[in-house]
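Everything quoted here is computed from the prediction, not taken from an experiment. A, B, ... follow the sequence lines: proteins, then strands. Residue 1 opens every chain.
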2 protein chains.
Amino acid sequence: MKLEDAIKQIAFKSEEERLVINLVYTSGWLSSEQNRFFKRFHISSQQYNVLRILRGQYPNPASVGLIQERMLDKMSNASRLIEKLKQKKLIKRSECSKDRRQVDVLVTQEGLLLLEEIDKLSNEMNGICDTLNLKEKKILNELLDKLRN
Amino acid sequence: MKLEDAIKQIAFKSEEERLVINLVYTSGWLSSEQNRFFKRFHISSQQYNVLRILRGQYPNPASVGLIQERMLDKMSNASRLIEKLKQKKLIKRSECSKDRRQVDVLVTQEGLLLLEEIDKLSNEMNGICDTLNLKEKKILNELLDKLRN
DNA sequence: ACAAAACTAGTGTATATACATATATTGTCA
DNA sequence: TGACAATATATGTATATACACTAGTTTTGT
């Protein structure tokens with residue numbers, strides 16, 4: 001849907017203003033699509049993101065700092081997400097022997113299995129961009145990269 | 001920065017996966033830029049959004065439902081945002097005489113003045129897309145609209 | 001006319017996030 | 001070595017959001 005119709009605004013002052021608002025609106029739309037997708041697995045998209053990072057390190061553990069560095073939404077609550085995942089037995093947390101300030105975080109077998117389940121259905125999630133052809137997806141990817149420069 | 005460097009991931013399985021992750025990452029980036037911008041005005045970007053909608057209706061009041069319908073992030077807490085704005089005296093809330101279920105929400109003079117202040121500096125916010133030229137901004141706007149179809 | 005359905009706003013609970021701060025541990029350097 | 005800075009993680013507080021639910025009001029259908 002055209003942005004103007006979606007938020008019932010007649011016009012924007014500039015292409016820049018429209019772009020900022022379009023990005024905010026689209027990200028809200030995407031976020032709700034994602035949360036709907038992940039709901040059946042009883043995790044949030046943020047928790048999935050942490051699991052994905054941990055699988056990237058597997059079988060090595062990752063520190064909280066490393067996770068935070070690689071998270072999509074940088075933040076200060078990797079600790080709390082890890083605590084939630086631990087309660088669900090999807091990760092394990094243990095004291096790092098080399099540096100007792102750090103914590104070794106490791107995805108469990110249960111966590112890896114869940115990731116596989118999600119992978120099987122990930123085409124469903126990625127399908128939200130079926131409205132674009134491959135060339136358009138590439139251009140969109142490039143423009144987003146360039147925007148953040 | 002290229003997405004792969006930003007989140008230290010070597011490759012993506014598909015253009016689709018990269019796009020979904022790129023959108024999530026970019027929206028997190030934008031959201032933190034916005035919150036930094038709005039901080040000096042002591043409001044959040046969501047509260048600004050509500051004020052902007054109310055100005056669009058001014059001098060007519062808006063119902064909570066109308067505000068919710070036009071919000072960028074659709075949600076169930078327009079009530080709570082309105083309560084926060086009322087505490088800051090940026091809006092007024094009164095019972096709607098025509099339909100006693102509804103509430104008339106109206107931006108105050110103080111709220112309108114704040115919006116003017118923000119408008120003066122909005123080029124600073126919109127400046128985050130200076131890395132793109134006008135044609136690229138237009139294409140990005142079009143692709144985002146198309147994506148949500 | 002009146003009971004049932006639909007609507008409007010608000011609230012309770014859980015999660016996520018920003019920011020500041022606390023606590024424990026390690027590194028540095030005079 | 002001993003004081004102090006730097007680092008890693010956790011926590012407190014405030015805000016935002018999703019979802020389910022409540023209470024009051026209006027509309028609908030017979």
Side-chain angles (χ1 to χ4, degrees), chain A residues 24-25 27-51 61-88 90-91 93-105, chain B residues 24-25 27-51 61-88 90-91 93-105:
Chain A
V24 173
Y25 183 73
S27 89
W29 166 81
L30 176 63
S31 162
S32 81
E33 293 286 320
Q34 281 203 303
N35 286 330
R36 191 148 51 89
F37 173 75
F38 285 114
K39 204 175 175 185
R40 80 193 79 173
F41 306 110
H42 304 105
I43 60 170
S44 65
S45 60
Q46 294 80 359
Q47 290 172 9
Y48 168 71
N49 190 217
V50 173
L51 285 179
S63 68
V64 173
L66 183 141
I67 294 167
Q68 191 155 318
E69 186 186 69
R70 302 192 178 191
M71 283 177 73
L72 298 179
D73 324 275
K74 53 176 169 251
M75 62 175 89
S76 48
N77 68 335
S79 284
R80 280 182 263 232
L81 284 175
I82 289 165
E83 175 58 29
K84 292 280 160 64
L85 289 169
K86 194 195 162 193
Q87 281 169 20
K88 289 171 188 166
L90 299 173
I91 61 135
R93 201 171 40 183
S94 58
E95 193 180 81
C96 176
S97 49
K98 291 184 182 166
D99 184 338
R100 283 190 301 160
R101 287 171 301 185
Q102 289 188 29
V103 170
D104 282 344
V105 185
Chain B
V24 173
Y25 183 74
S27 88
W29 166 82
L30 177 63
S31 162
S32 80
E33 293 286 320
Q34 281 204 302
N35 286 330
R36 191 147 51 89
F37 173 75
F38 284 114
K39 205 175 176 187
R40 79 193 80 173
F41 305 109
H42 304 104
I43 59 170
S44 65
S45 61
Q46 293 80 359
Q47 289 172 10
Y48 168 71
N49 190 216
V50 173
L51 286 179
S63 69
V64 172
L66 182 141
I67 293 167
Q68 191 155 317
E69 185 185 70
R70 302 193 177 192
M71 282 178 74
L72 298 179
D73 323 276
K74 55 176 168 249
M75 63 174 90
S76 49
N77 67 336
S79 285
R80 282 183 261 233
L81 284 175
I82 288 164
E83 175 58 28
K84 292 280 160 65
L85 289 168
K86 194 195 164 194
Q87 280 168 21
K88 291 173 188 164
L90 298 173
I91 61 132
R93 200 171 40 184
S94 58
E95 191 181 82
C96 176
S97 51
K98 290 185 181 165
D99 185 338
R100 284 189 302 160
R101 288 174 300 186
Q102 291 187 27
V103 169
D104 282 343
V105 184

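- The shortest distance between the side-chain N/O atoms of B:Gln68 and the OP1/OP2 oxygens of C:dT8 is not below 4.0 Å.
- Taking the side chain of B:Gln102 as heavy atoms from C-beta on, and the options C:dT8, C:dT17, D:dA16, the nearest nucleotide is C:dT8.
- As a whole-Å value, the separation of B:Lys86 NZ from D:dT15 C1' is 19 Å.
- Between A:His42 and A:Gln47, the closest heavy-atom pair is O-OE1, 4.5 Å.
- Counting to the nearest Å, the P atom of C:dT17 and the CH2 atom of B:Trp29 are 18 Å from each other.
- Contact annotation for B:Arg93: backbone-only contact, meaning every heavy-atom pair under 4.0 Å involves sugar-phosphate atoms and none involves a base.
- Rounding to the nearest 0.5 Å gives a distance of 8.0 Å between CD of B:Glu83 and CD1 of B:Ile91.
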For this session: Test A:Ser79 against A:Val64 for side-chain contact (heavy atoms from CB on, under 4.5 Å), laying out the working first.
Result: CA-CA 7 Å; A:Ser79 284; A:Val64 173; 4.3 Å; yes
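- Across all strands shown, B:Ser31 has no heavy atoms under 4.0 Å from either base or sugar-phosphate atoms.
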Problem set entry | Stepwise side-chain contact (heavy atoms from CB on, under 4.5 Å) check, B:Ile67 with B:Leu81 | CA-CA 11 Å; B:Ile67 293 167; B:Leu81 284 175; over 6 Å; no
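- Checking C:dT15, D:dT17, C:dT17 against the side-chain heavy atoms of A:Lys84 singles out C:dT15 as nearest.
- Between B:Asn77 atom CG and C:dT15 atom C1' the separation is 13 Å, expressed in whole Å.
- Taking 4.5 Å as the limit, every side-chain heavy atom of A:Leu30 sits out of range of all side-chain heavy atoms of B:Ser27.
- A salt bridge links B:Arg36 to B:Glu33: one of the charged nitrogens lies within less than 4.0 Å of a carboxylate oxygen.
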For this session: Dump the intermediate steps for side-chain contact (heavy atoms from CB on, under 4.5 Å) on A:Glu95 and A:Asp104, then the final yes or no.
Result: CA-CA 6 Å; A:Glu95 193 180 81; A:Asp104 282 344; over 6 Å; no
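- Between B:Val105 and B:Arg93, the shortest heavy-atom contact is CG2-CG, 4.4 Å.
- Across the interface with DNA chain D, nearest-nucleotide mapping of A:Gly65 and B:Ile43 shows A:Gly65 to be the residue nearer the 5′ end.
- The interatomic distance linking A:Asn49 (CG) with C:dT15 (P) rounds to 18 Å, in whole Å.
- With contacts defined as side-chain heavy-atom distances shorter than 4.5 Å, the pair B:Arg70/B:Leu66 qualifies.
- Rounded to whole Å, the distance from CD on B:Glu69 to C1' on C:dC7 is 14 Å.
- Distance check: B:Ile82 CD1 to B:Leu90 CG gives 12.5 Å after rounding to the nearest 0.5 Å.
- The CG atom of A:Leu81 sits 14 Å away from the C1' atom of D:dT9 (whole-angstrom rounding).
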N/O to N/O distances under 3.5 Å, protein versus nucleotides 26-28 of chain D:
unit_1, atom_1, unit_2, atom_2, d
D:dT26, OP1, B:Arg100, N, 3.1

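- Rounding to whole angstrom units, CD1 of residue A:Ile82 and P of D:dA10 are separated by 7 Å.
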At a cut-off of 3.5 Å, list every protein nitrogen or oxygen paired with a nitrogen or oxygen from nucleotides 12-14 of chain D, distance to 0.1 Å.
unit_1, atom_1, unit_2, atom_2, d
D:dG12, N7, A:Arg80, NH1, 3.4
D:dG12, O6, A:Arg80, NH2, 2.5

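- At the heavy-atom level, B:Gln47 lies under 4.0 Å from the strands shown only through sugar-phosphate atoms.
- Comparing A:Lys39 and A:Val64 by the nucleotide of DNA chain D that holds the closest heavy atom to each, the one mapping nearer the 5' end is A:Val64.
- Distance CD (A:Glu83) to P (D:dT11): 8 Å, rounded to an integer number of Å.
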